[in-house]
Amino acid sequence: MQDKVKKTDSGISIQKVYTKADLPNNLDGSQLPGEFPYTRGVQPDMYLGKLWTMRQYAGFSTAEESNQRYHFLLAQGVMGLSVAFDLPTQIGYDPDHALAEGEVGKVGVSICSLADMEVLFKDIPLDKISTSMTINSTGFILLALYVALAKKRGIDIKQLAGTIQNDILKEYAARGTYIYPPKHSMRIITDIFEWCSTNVPKWNSISISGYHIREAGSTAVQEIAFTLSNGKAYVKAALEKGLDINVFGKRLSFFFNAHNNLFEEVAKFRAARKMWATIMKDLGATDEKALMLRFHTQTGGATLTAQQPLNNISRVTLQTLAAVLGGTQSLHTNGFDEALGLPTQEAASIALRTQQIVAYESGVTDTVDPLAGSYFIENLTNQVELEALKIMQQIDEMGGSVMAIENGFMQNKIADSAYAYQKKIESKEKIIVGVNEFKSESTTNIPILRIDEKIRQEQIEKLKVFKSNRDESKVKASLLAIKEAALGTKNLMPVVIEAVEHHCTLGEISDTLRSVFGEYQS
């Protein structure tokens, strides 16, 4: 009886054994880490010189509660903060908006004003830490609030380091927290690129995200194909605006998922670096830092199970290894309880300790790209690249990512992959421990972090007080300035920063732009 051919989760066939004959033809073994096309890493010494930034994605309830969690994480050894915002904040609604009901503070922290931002970062030195903010449609407003807070504290904004996700294309394709039509969203993004290049040179003005594409059900191959295609679209839009690719290209960053198929994930990260370097070179980049794909990784939320949740610690460990062996620059590890609710303080601590154990006890950081030269890894890296390039060619033939999203190509491919994966689980072709095999009747008493429904009313009361203490004439003038800038070609960032300094709210700014740009209907 012939052995059944094994396949990766992306459907790439795996041979029983690999030999030197299976190495890619263009691999001569002479390429070093830190050399184009950076398959082996963007730094010559990688983690021997500096470990990846250990982040913990956190934010819930009010700014006060989230601030307490941030101080706890910093005390535990976190090197940078990663802020989660609630859905109203993500789609441009203040907590008193009717559509905010039931969502305030639930999946992230509620932020709508400079006062909220002051509390969120109370006693946290903005010029000493880096801050990543997972925010897209309203990313420019949160950046404006962060900048306004730094200015109020007397901090030189050129010293600010961090990232706003600011990747709207994947919202249309996979996640759904968009506001404006693609054309206007792309204008906002290129305004951010332009303003950041001059004013906050250490800030990453976009984190082009494959994470949510993968969470929606894509394969590893689709994740990098769609993400890099979106990256191309942003670069081309910036070039059309007349921006210098060697300047803004240095501040582009990426955000990927890490799943359980260890070797495919490592191959994915290595292939993505090589592909992006070639893409940027073809688009005209010559500065080596503009050619490098730098990325943050988060372990796979969709891989976590509510059944036998302590098993998730093992899953997160595997995913941590994949990210580190793949050469990530920054990493967030999920709490084992996140299939049940927001992570408790204990779960967040274990997740961070997982990174620290891999960093300091496993030995995988003792040499750069330790899997390089493996017949299997090198072959798989090449196969992932070839399959991803096929998809990217299809997207290019459609006219790029915007067209591929508008005609539903990306959405349909993701949906098809999600359906196929679920069918494999149901047929037990794919085993998920504790879910479709090795099940247990015993229950584990896991404490769950719950958000009190009264949070919304508390936030509304704070908002009323905030509005009662502001100069309404300055608010009206600021919102009019935003509207005029939106109707013309003036960069939006300076007027939005001025607006938040004059105590305009996130909802008011978003609504002003809605009146000009309209709202996108899928």
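We're numbering straight along the sequence, starting at 1.
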Any side-chain heavy-atom pair from Q308 and F438 closer than 4.5 angstrom? no
So, Q457 versus E461: side-chain donor-acceptor pair below 3.5 Å or not? yes
I124 side chain reached by N67 side chain, heavy atoms, under 4.5 Å: yes
Any donor-acceptor N/O pair, D94 side chain to G507 backbone, under 3.5 Å: yes
Give a yes or no answer on whether the side chain of R214 reaches the backbone of A258 with a donor-acceptor pair at less than 3.5 Å. no
List the steps and the verdict of side-chain contact (heavy atoms from CB on, under 4.5 Å) for I395 and K232. CA-CA 11 Å; I395 293 170; K232 280 177 66 176; over 6 Å; no
Any chance you could measure K462, atom NZ, to I460, atom CD1, to the nearest 0.5 Å? 12.0 Å
Applying side-chain contact (heavy atoms from CB on, under 4.5 Å) to W195 and V200, what does each step give before you reach the verdict? CA-CA 8 Å; W195 186 85; V200 280; 3.6 Å; yes
Exactly one of S61, S110, C112 clears side chain to side chain contact (heavy atoms under 4.5 Å, CB included) with V104, and that residue is S110
Between atom OG of S401 and atom CG of L228, what is the distance when rounded to the nearest 0.5 Å? 9.5 Å
Residues I157, K151; criterion side-chain contact (heavy atoms from CB on, under 4.5 Å); working and verdict: CA-CA 7 Å; I157 64 171; K151 288 169 68 179; 3.7 Å; yes
So, E65 side chain and T62 main chain: donor-acceptor pair closer than 3.5 Å or not? no
Does the pair R514/D511 count as a salt bridge with the N-to-O cut at 4.0 Å? yes
So, T303 versus Q319: side-chain donor-acceptor pair below 3.5 Å or not? yes
Taking atom types as modelled, find out whether T299 and N334 have a side-chain donor-acceptor pair closer than 3.5 angstrom. yes
Donor on one side chain, acceptor on other, R353 and Q356, under 3.5 Å: yes
Among side-chain atoms of S10 and E264, is any donor-acceptor pair under 3.5 angstrom? yes
Is the closest side-chain heavy-atom distance between T297 and W52 below 4.5 Å? no
Flag, side chain of N166 to backbone of I206, donor-acceptor distance under 3.5 Å: no
Is the backbone of L463 close enough, under 3.5 Å, to the side chain of D96 for a donor and an acceptor to pair up by distance? no
So, are R153 and D127 salt-bridged, with charged N and O less than 4.0 Å apart? no
What are the two closest heavy atoms between P95 and R456, and how far apart are they? O-NE, 2.8 Å
For H503 and F466, take the angle between the two ring planes, folded into 0 to 90°, and tell me which bin it lands in: parallel under 30, tilted 30 to 60, perpendicular over 60. tilted
Would you call the rings of H332 and Y57 parallel, tilted or perpendicular, where under 30° means parallel and over 60° means perpendicular? perpendicular
Kindly say whether V435 contributes a backbone atom to a donor-acceptor pair with the side chain of Q307 at under 3.5 angstrom? no
Between the side chains of T138 and Q90, is a donor N or O closer than 3.5 angstrom to an acceptor N or O? no
Only one of I189, T134, I208 forms a side chain to side chain contact (heavy atoms under 4.5 Å, CB included) with D167, so which one is it? I208
Should the pair F517 and H184 be assigned to parallel (<30°), tilted (30 to 60°) or perpendicular (>60°) ring geometry? parallel
Evaluation steps, side-chain contact (heavy atoms from CB on, under 4.5 Å), between K106 and L87: CA-CA 8 Å; K106 288 294 180 67; L87 285 175; over 6 Å; no
Pairs touching residues 180-194 that satisfy salt bridge (Lys or Arg N to Asp or Glu O under 4.0 Å), sequence neighbours left out: R187-D191, D191-K241
Does a side chain donor of either S130 or R55 reach within less than 3.5 Å of an acceptor in the other side chain? yes
Please report the closest heavy-atom contact between K170 and Q165, naming both atoms and the distance. NZ-OE1, 2.8 Å
Side-chain donor or acceptor of N312 paired with backbone N/O of T305 under 3.5 Å: yes
Given side-chain hydrogen bond (donor to acceptor under 3.5 Å, both in side chains), test Q56 with T333 step by step and report yes or no. CA-CA 7 Å; Q56 285 305 108; T333 35; 3.1 Å; yes
Do K430 and E437 meet the salt-bridge criterion of a basic N to acidic O distance under 4.0 Å? no
Nearest heavy-atom approach of T227 to G210 is OG1-CA, 2.9 Å
So which heavy atom on S417 is nearest to which on T219, and how close? OG-CG2, 3.8 Å
Side-chain contact test, heavy atoms from C-beta onward, threshold under 4.5 Å: evaluate it for V147 versus L143 and give yes or no. yes
Can any side-chain N or O of S185 pair as donor or acceptor with the backbone N or O of Y180 at less than 3.5 Å? yes
Give a yes-or-no answer on whether the side chains of T177 and E171 include a donor-acceptor pair shorter than 3.5 Å. yes
Pairs involving residues 292-329, ordered by first then second residue, that meet ring-ring contact (aromatic ring centres under 6.0 Å, His included) (sequence neighbours left out): F255-H296, F256-F295, F269-F295
E508 side chain near K467 side chain, heavy-atom distance below 4.5 Å: yes
Any donor-acceptor pair under 3.5 Å linking the side chain of R251 with the backbone of K202? yes
Heavy-atom side-chain contact between M117 and K152 under 4.5 Å: no
Within-4.5 Å side-chain heavy-atom neighbours: I111 and L506: no
Are the side chain of H502 and the backbone of L479 linked by a donor-acceptor contact shorter than 3.5 Å? no
Is it true that Q298 and N257 share a donor-acceptor pair across their side chains at a distance under 3.5 Å? no
Do Q76 and S349 come within less than 4.5 Å of each other through their side chains, counting heavy atoms only? yes
Of all the heavy-atom pairs spanning T163 and S253, show the shortest one and how long it is. CG2-OG, 3.8 Å
